[in-house]
Amino acid sequence: MATILITSATLVSASHPLHLTSVDVLVKNGKIEKIAKSIKTDDKKLQVIDAKDSFLAVGFFDLNVNFGEPGYETKEDIQTGTAASAAGGFTAVAVHPNTNPPIHSRSEVALIVNSAKGNIVDVYPVGAISKKREGKDLAELYDMQQTGAVAFSDGNHSVQQAGLMGRALLYAKGFNGLIMSHPEDDSIAGGNQMNEGDVSTYLGMKGIPNLAESIMVSRDLFLAEYNEAPIHFSTISTEESVDLIKKAKAKGLKVTCDVAAHSLVFTDEEVKGFDSNYKVSPPLRTKKDVKALLKGLKDGTIDAIVSQHTPHEIEFKNVEFQIAYNGIIASQTVLPLLIKAGLSAEAIVEKLSVGPRVILNLEQPKIEEGAEANLVLFSTSEKWTFDAKTNKSKSANSPLFGQELTGKVLAVINNNQTLIND
């Protein structure tokens with residue numbers, strides 16, 4: 001890697017003495033060689049990145065991505081998925097087990113760990129809670145953790161059996177494993193298409209009520225409390241969930257949660273055009289829910305923000321809304337969405353860089369001389385167009401495709417590799 005000098009960047013690192021000041025950073029052989037107000041060097045091979053009006057922070061960490069490998073490589077493979085993640089500012093991702101076969105034993109975990117070696121993005125597998133994600137028998141949780149799994153989730157399948165979820169929490173607690181809950185009660189959600197409310201009534205579509213999520217959050221909080229085990233809730237979307245988790249935290253429960261970036265901007269109003277790129281799980285909710293989610297981020301109830309990157313081939317999305325698959329590609333659009341939602345650079349770094357690593361109990365990379373460089377450089381004002389030219393994913397299922405977006409990732413540095421977005 002060439003020696004890189006980042007000049008005039010605003011450093012965003014709450015514990016750093018130079019937090020929110022303009023700095024120059026010299027990176028050589030993948031390590032931070034020098035941090036100062038101004039750096040002069042006569043290195044002829046130096047690559048200089050002018051970072052005026054831009055922010056420098058520890059690389060973002062995405063707690064919820066879906067790559068197709070193994071089994072669905074036509075949607076996305078590890079190489080294209082990590083390329084999209086890197087372009088979005090992420091130097092690490094937790095990949096969920098929505099694959100075929102699912103990541104439910106040490107062999108799938110090993111496959112992902114080995115396939116992702118040497119990548120600019122660190123890839124952490126999330127193992128399945130149950131065998132084949134069927135919600136019947138526990139998968140090989142301990143074996144998977146020993147091979148490299150950082151947490152356990154049945155992905156977009158919610159664990160319907162309370163007994164199984166209770167056993168998973170108790171078993172994982174024994175080796176400091178983390179269970180992630182995708183909270184949705186299938187008997188209430190009923191395979192329906194969108195949020196239940198005024199818009200679903202207007203469109204004549206069957207809706208998924210907030211209750212389908214909040215009843216599951218409530219159940220899993222009871223189970224976590226009973227088993228004295230930690231729990232993480234993935235992609236919460238309702239006002240009630242925020243309230244339940246806030247109260248659980250006040251009681252001292254070991255609970256964390258995240259929210260998908262699109263749930264902070266879009267509402268069920270978007271579905272009026274029947275664009276299947278707005279079909280996601282959990283569904284887009286109401287303005288009232290969005291307001292509660294933003295408040296939950298501010299007061300610390302919500303610990304992290306995720307992309308929930310879910311690629312699909314055109315034949316699964318360019319169809320009637322009712323039969324379209326859930327999910328959008330989102331790795332590259334998280335930053336613009338958070339800027340649109342009104343988050344400051346500090347809040348973005350807190351929820352994308354710091355929070356996810358705290359949840360997984362991983363070491364926080366440091367921005368200090370001698371440390372391995374794990375960095376993201378981003379602008380909150382620069383504009384770019386998300387289209388076939390800039391998209392790094394194999395898929396194109398995004399409601400933002402073809403649009404000019406505000407907020408651009410300029411560069412990422414990790415594992416002695418650099419990506420500079422043109």
Enquirer: Applying side-chain hydrogen bond (donor to acceptor under 3.5 Å, both in side chains) between T310 and each of N397, N66, N326, N156, report the one that passes.
Expert: N66
Enquirer: Could you point out which residue of I103, T99, I78, V95 forms a side-chain contact (heavy atoms from CB on, under 4.5 Å) with E69?
Expert: I78
Enquirer: Over all heavy atoms of both residues, which pair between A92 and R357 is shortest? Give the atoms and the distance, please.
Expert: CB-NH2, 4.3 Å
Enquirer: Hey, is D143 close enough to R106 for a salt bridge, meaning N to O under 4.0 Å?
Expert: yes
Enquirer: In this structure, which one of L410, L11, T380 forms a side-chain contact (heavy atoms from CB on, under 4.5 Å) with F55?
Expert: T380
Enquirer: For residues T91 and I413, report the shortest heavy-atom separation together with the two atoms involved.
Expert: CG2-O, 4.1 Å
Enquirer: In terms of heavy-atom contacts, does CD of Q146 have more than 12 from other residues, nucleotides or ligands at under 6.0 Å?
Expert: yes
Enquirer: Whether the H182 and S234 side chains hold a donor-acceptor pair (N or O, under 3.5 Å, no angle test) is what I'd like checked.
Expert: no
Enquirer: Mind checking what makes side chain to side chain donor-acceptor pair (under 3.5 Å) contact with S281, not counting sequence neighbours?
Expert: none
Enquirer: More than 12 heavy atoms of other residues, nucleotides or ligands under 6.0 Å from CD of E315: yes or no?
Expert: yes
Enquirer: Which heavy atom of N421 sits nearest a heavy atom of A87, and at what distance?
Expert: ND2-O, 3.1 Å
Enquirer: Could you work out, with side chain to side chain donor-acceptor pair (under 3.5 Å) as the rule, every residue matching T238, not counting sequence neighbours?
Expert: E213, S241
Enquirer: Using a distance-only test with no angle check, is there a side-chain donor-acceptor pair under 3.5 angstrom linking D258 and N64?
Expert: no
Enquirer: Is the backbone N or O of G81 less than 3.5 Å from a side-chain atom of S85, with the two atoms forming a donor-acceptor pair by type?
Expert: yes
Enquirer: Without swapping roles, check the side chain of K246 against the backbone of D299 for a donor-acceptor pair under 3.5 Å.
Expert: no
Enquirer: Applying side chain to side chain donor-acceptor pair (under 3.5 Å), can you list everything that pairs with K279, at least two apart in sequence or on another chain?
Expert: Q193
Enquirer: Is the shortest heavy-atom distance from the side chain of V159 to the side chain of S181 under 4.5 Å?
Expert: no
